[in-house]
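The first residue in the sequence is number 1, and the count goes up from there. Note: hydrogens, waters and symmetry copies are ignored here, and every other heavy atom, side chains too, is used.
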Amino acid sequence: MTQLTALERDLLACVERLVTASEASARDLTALETRSTGRIEKELAGLKDCVTLLIRSQAASMKALSGLLNDEASYKTLDESLQQSLTLAKAAAERLRDS
């Protein structure tokens with residue numbers, strides 16, 4: 001077996017350090033990707049919930065106004081529907097803040 005020269009040993013040590021650093025970097029990047037993906041998925045789920053709540057809020061408002069225009073609802077019913085709409089809109093805003 002041939003003995004390595006001092007330069008070859010230094011070069012081999014540098015290569016080993018580079019490999020170790022590359023492996024550590026790959027682990028860190030994988031962990032970062034996992035955290036980022038999880039955060040993005042959570043935010044998307046929050047946005048989906050908010051959009052759903054806002055659509056329900058809009059539907060409640062439209063139903064109330066339609067009923068009023070068709071003289072099928074009293075002002076009390078309109079007020080209740082608009083309160084429901086406002087509650088849903090506030091829930092959407094809160095959900096968006098929490099995500």
Visitor: Sequence neighbours left out, what passes side chain to side chain donor-acceptor pair (under 3.5 Å) with Gln58? Give chain and number order.
Guide: none

Visitor: Using side-chain contact (heavy atoms from CB on, under 4.5 Å) as the criterion, list what pairs up with Val19, not counting sequence neighbours.
Guide: Val15, Glu23

Visitor: Other hydrophobic cluster members with Val51, side-chain heavy atoms of Ile/Leu/Val/Met/Phe/Trp/Tyr under 4.5 Å, chained?
Guide: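 When side chains under 4.5 Å apart are linked, the cluster holding Val51 also contains Ile55.
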
Visitor: With sequence neighbours excluded, what pairs up with Leu11 under the side-chain contact (heavy atoms from CB on, under 4.5 Å) test?
Guide: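 Residues passing side-chain contact (heavy atoms from CB on, under 4.5 Å) with Leu11: none at all.
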
Visitor: Quick one: do Arg17 and Thr20 satisfy side-chain contact (heavy atoms from CB on, under 4.5 Å)? Show the steps, please.
Guide: CA-CA 5 Å; Arg17 283 194 305 270; Thr20 302; 5.7 Å; no

Visitor: Could you give the distance from OG (Ser36) to CD (Glu41), rounded to the nearest 0.5 Å?
Guide: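 Answer rounded to 0.5 Å: 11.0 Å.
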
Visitor: Got a second to check how far Leu53's CG is from Glu94's CD, nearest 0.5 Å?
Guide: 10.5 Å

Visitor: Please determine whether a side-chain nitrogen of the Lys or Arg among Glu43 and Arg39 lies less than 4.0 Å from a carboxylate oxygen of the Asp or Glu.
Guide: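 Salt bridge between Glu43 and Arg39, a charged N being under 4.0 Å from a carboxylate O: yes.
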
Visitor: Rounded to the nearest 0.5 Å, how far apart are CD1 of Ile40 and CG of Leu47?
Guide: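 With rounding to 0.5 Å, CD1 (Ile40) is 11.5 Å from CG (Leu47).
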
Visitor: For Glu8 and Gln3, work out which heavy atoms get closest and say how close.
Guide: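 Where Glu8 meets Gln3 most closely, the heavy atoms are OE1-O, 4.3 Å.
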
Visitor: My understanding is that only residues two or more places apart in sequence, or in another chain, count here; which of them pass salt bridge (charged side-chain N to carboxylate O under 4.0 Å, His left out) with Asp10?
Guide: none

Visitor: State whether the side chain of Thr87 and the backbone N or O of Gln83 hold a donor-acceptor pair below 3.5 Å, judged by distance alone.
Guide: yes

Visitor: Going by salt bridge (charged side-chain N to carboxylate O under 4.0 Å, His left out), name the residues that satisfy it together with Arg9, two or more places apart in sequence or in a different chain.
Guide: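 So Arg9 forms no salt bridge (charged side-chain N to carboxylate O under 4.0 Å, His left out) with any residue.
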
